[in-house]
Chemist: 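Below are the structure tokens for one structure; questions will follow.
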Amino acid sequence: MWLIQDKALMQLPDGAAIPPGFRRVKPPEGFEANPASYRISDGKIIALSKKELVEQQKSSRLSLTQEEIAILKRAIERGFIS
């Protein structure tokens with residue numbers, strides 16, 4: 001079962017005690033397969049807009065500075081990283 005309180009969402013086994021302040025919710029279809037496509041707002045599970053999905057993909061990309069790249073190259077040359 002899924003429980004929600006404000007911006008907090010949690011899953012507990014069916015029949016477990018519901019913590020104070022939480023209420024039971026049924027997640028939207030597709031939520032369990034791809035929870036990253038949803039957000040919690042005002043005690044509801046809401047699908048992200050196309051704009052929010054694009055922003056989320058941009059922010060999940062990792063990048064290195066030129067200095068960090070140089071450090072990694074030196075570590076590889078010295079055999080610390082293979």
Side-chain angles (χ1 to χ4, degrees):
M1 83 177 136
W2 288 93
L3 304 172
I4 197 164
Q5 179 188 36
D6 298 323
K7 292 185 178 183
L9 178 70
M10 75 167 122
Q11 185 178 24
L12 291 177
D14 289 339
I18 298 176
F22 280 83
R23 63 181 173 82
R24 198 174 186 160
V25 293
K26 183 178 185 220
E29 197 170 312
F31 172 77
E32 291 190 44
N34 193 7
S37 295
Y38 295 84
R39 64 183 167 86
I40 309 303
S41 179
D42 297 325
K44 298 176 187 169
I45 303 170
I46 301 170
L48 295 176
S49 67
K50 289 181 182 181
K51 182 180 177 182
E52 289 172 314
L53 286 170
V54 169
E55 289 298 317
Q56 183 183 48
Q57 289 174 349
K58 285 181 184 178
S59 66
S60 67
R61 292 184 182 159
L62 300 176
S63 61
L64 297 172
T65 65
Q66 291 299 319
E67 182 181 351
E68 291 168 328
I69 292 170
I71 291 169
L72 288 171
K73 284 182 178 180
R74 284 194 300 272
I76 292 168
E77 290 169 359
R78 294 178 181 165
F80 295 124
I81 300 175
S82 57

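Quick note: numbers below take in every heavy atom, side chains included, and nothing from hydrogens, waters or symmetry partners. Since we're looking at a predicted model, the values are computed, not measured.
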Chemist: Would the distance check show the side chain of Arg23 and the main-chain N or O of Gly43 forming a donor-acceptor pair, the cut-off being under 3.5 Å?
Modeler: yes
Chemist: What do you reckon, is CD of Glu29 surrounded by more than 12 foreign heavy atoms closer than 6.0 Å?
Modeler: no
Chemist: Run the ring pair (Phe, Tyr, Trp, His ring centres under 6.0 Å) test against Tyr38 and tell me which residues pass, sequence neighbours left out.
Modeler: Phe31
Chemist: So how far is it from Ile45 CD1 to Arg39 CZ, rounded to the nearest 0.5 Å?
Modeler: 12.0 Å
Chemist: Can you tell me how far CE of Met10 sits from CD1 of Ile18, rounded to the nearest 0.5 angstrom?
Modeler: 9.5 Å
Chemist: The criterion is side chain to side chain contact (heavy atoms under 4.5 Å, CB included); which residues satisfy it with Glu67, sequence neighbours excluded?
Modeler: Thr65, Ile71
Chemist: Can you sort out the partners of Ala16 under side chain to side chain contact (heavy atoms under 4.5 Å, CB included), two or more places apart, ordered by chain and number?
Modeler: Met1, Leu12, Pro13
Chemist: Identify the heavy atoms of Lys7 and Ile40 that sit nearest to each other, and give their distance.
Modeler: CA-CG2, 3.6 Å
Chemist: Would Ile69 and Ile76 show up in the same hydrophobic cluster when neighbours are defined by side-chain heavy atoms closer than 4.5 Å?
Modeler: yes
Chemist: With sequence neighbours left out, what residues match Ser41 under side-chain hydrogen bond (donor to acceptor under 3.5 Å, both in side chains)?
Modeler: none
Chemist: From Leu72 CG over to Leu64 CG, what is the distance, rounded to the nearest 0.5 angstrom?
Modeler: 6.0 Å
Chemist: Apply side chain to side chain contact (heavy atoms under 4.5 Å, CB included) to Leu53 and list each qualifying residue two or more places apart in sequence or on a separate chain.
Modeler: Ser37, Leu48, Gln56
Chemist: Which residue pairs satisfy the ring-ring contact (aromatic ring centres under 6.0 Å, His included) criterion with at least one member in residues 7-27, sequence neighbours excluded?
Modeler: none
Chemist: In Å and rounded to the nearest 0.5 Å, what is the CZ to NZ distance from Arg78 to Lys73?
Modeler: 14.5 Å
Chemist: Do you know which two heavy atoms are closest between Pro35 and Ala33, and how far apart they sit?
Modeler: CD-C, 3.8 Å
Chemist: Rounded to the nearest 0.5 Å, how far apart are OG of Ser49 and CD of Glu55?
Modeler: 9.0 Å
Chemist: In the single-linkage hydrophobic clustering (I, L, V, M, F, W, Y; side-chain heavy atoms under 4.5 Å), do Leu3 and Val25 co-cluster?
Modeler: no
Chemist: Should we say atom CG of Asn34 is surrounded by more than 12 heavy atoms from elsewhere, each under 6.0 Å from it?
Modeler: yes
